[in-house]
2 protein chains.
Amino acid sequence: MSDEAPWLDDEEMAAWLPLIGLVMRLPGALDQSLRRDVGLSHFEYGVLVVLEHAEDQTMRMSDLAYLCNGSLSRLSHVARRLEKDGLLRRSACPTDGRSTLAALTDGGREVLKRAAPGHVRTVRSLIFDELSREEAKVLGDLAKRIVARIQAA
Amino acid sequence: MSDEAPWLDDEEMAAWLPLIGLVMRLPGALDQSLRRDVGLSHFEYGVLVVLEHAEDQTMRMSDLAYLCNGSLSRLSHVARRLEKDGLLRRSACPTDGRSTLAALTDGGREVLKRAAPGHVRTVRSLIFDELSREEAKVLGDLAKRIVARIQAA
DNA sequence: CTTCACTACTTGATACATCAAGCAACCCGA
DNA sequence: TCGGGTTGCTTGATGTATCAAGTAGTGAAG
């Protein structure tokens, strides 16, 4: 691993600064349009989207947290708010008393339907209108490898 | 711009999901090691680093905010905390009464010196140990173009 | 020289993320 | 079957981000 160089050289810096810019600015940009359109943060929206694609639109909290790139604690707080707003319902897991199952409600489906078009428009205009298909694929692959590193750490 | 397609296709999705994973997980990973080593968030650390490289280690708040990828309001709150801890000093700008100048203090320089080695080690182990020089350059270029889009919006 | 719009920044309220602690349920070996 | 360790989740406290509103300085038109 990382043989103790004192600092990043110019080439590394030229890659690092824009990457920092990206990870600091993209979440805010995504939040903004979703917040305006349907009053959800991007994380909340992501929770609902993941649920939407799950079997029976239902999933264990910890699996959901993992797929949403968040901690279980964060998800638990968010789930409480979403449940209060009727977008999601929690119930005890019948096969494991420790687990909680989160399920999408009709209200949640409805919100997703309202949110999707605007969100897709945002994502396209920020990412896929700028990048060729090949470039997008490269970006995804590089991102995937870095995420794997983060998870390993 | 963005001709109304209803949702992302499989290829786009395969790029989008890891990218989201990256922007959601990297900030936390960076925060963690800095918080442990010197009790600073990555944003706070970034503020000090930018100041360190500025002329006279001094900069107007709004320029600083821009370079740190944050809002002026966010920087203002952070600057208050950093000033309280003696890492930074604010003073009135002599040539424009509206502006505030932020300057790095000895304490700030000292903290940077303590924080840098561990931070560099983290960044290397997450990014530059994983990527070839060529890949890092590509990633930086793609990130830069997306950031430009975000700023334009 | 005054007014009006704009820029630079700060502040306070609210909402959110994070961390540590806690509580059950489960699992497994003795 | 009981004890200790682990897993899954929740909660409460604390700190931080965000938004809207406010203050004050500036520049420029009339």
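This one's a predicted model, so the numbers in the text were calculated from it and none came from an experiment. Reminder, nothing fancy here: chain letters follow the sequence lines and each chain counts from 1.
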Does [X] put a side-chain nitrogen or oxygen below 4.0 Å from OP1 or OP2 of [N]?
X: A/Arg74; N: C/dC16; value: no
X: B/Arg60; N: C/dA8; value: yes
X: A/Thr100; N: D/dT10; value: yes
X: B/Arg81; N: D/dA17; value: yes

Could you work out which one of [options] sits closest to the side chain of [X]?
X: B/Glu44; options: C/dC9, C/dT10, D/dT16; result: D/dT16
X: B/Arg98; options: D/dT10, C/dA8, C/dC26; result: C/dA8
X: A/His77; options: C/dA17, D/dT6, C/dT18; result: C/dT18

Measure [atom1]/[X] against [atom2]/[N] and give the value in whole Å, please.
X: B/Arg36; N: C/dT18; atom1: CZ; atom2: C1'; value: 16 Å
X: A/Asp31; N: D/dA17; atom1: CG; atom2: C1'; value: 11 Å
X: B/Arg90; N: C/dT11; atom1: CZ; atom2: P; value: 7 Å
X: A/Asp85; N: C/dA15; atom1: CG; atom2: C1'; value: 13 Å
X: B/Leu72; N: D/dG22; atom1: CG; atom2: P; value: 18 Å
X: A/Asn69; N: C/dT18; atom1: CG; atom2: P; value: 12 Å
X: B/Arg80; N: C/dC9; atom1: CZ; atom2: C1'; value: 13 Å
X: B/Leu75; N: C/dT11; atom1: CG; atom2: P; value: 13 Å

Minimal heavy-atom distance between B/Met61 and B/Leu75, with the atoms involved, is O-CD2, 3.0 Å

Are A/Asp141 and A/Lys137 close enough, and set up right, to give a salt bridge (charged side-chain N to carboxylate O under 4.0 Å, His left out), and what steps lead you there?
CA-CA 6 Å; A/Asp141 289 347; A/Lys137 175 165 162 30; 3.2 Å; yes

Considering heavy-atom distances to DNA chain C, does A/Val78 or A/Thr95 have its closest nucleotide positioned more toward the 5' end?
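Closest to the 5' end, via its nearest nucleotide, is A/Val78.
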
Going through the distances and angles, do B/Leu112 and B/Tyr45 end up as a side chain to side chain contact (heavy atoms under 4.5 Å, CB included)?
CA-CA 8 Å; B/Leu112 277 177; B/Tyr45 176 77; 3.7 Å; yes

Base, sugar-phosphate, or nothing: which does A/Ser73 touch, judged by heavy atoms less than 4.0 Å apart?
base

Once you apply a heavy-atom cut-off of 4.0 Å, does B/Asp96 come out as touching a base, just sugar-phosphate, or nothing?
sugar-phosphate

The residue, A/Ser76 or B/Arg35, whose nearest nucleotide of DNA chain D is more 5′ is A/Ser76

In terms of the angle between their ring planes, are A/His42 and B/Trp16 parallel, tilted or perpendicular, with boundaries placed at 30° and 60°?
perpendicular

When you check the gap from the basic side-chain N to the acidic O, do A/Arg133 and B/Asp9 get nearer than 4.0 Å?
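So A/Arg133 pairs with B/Asp9 through a salt bridge.
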
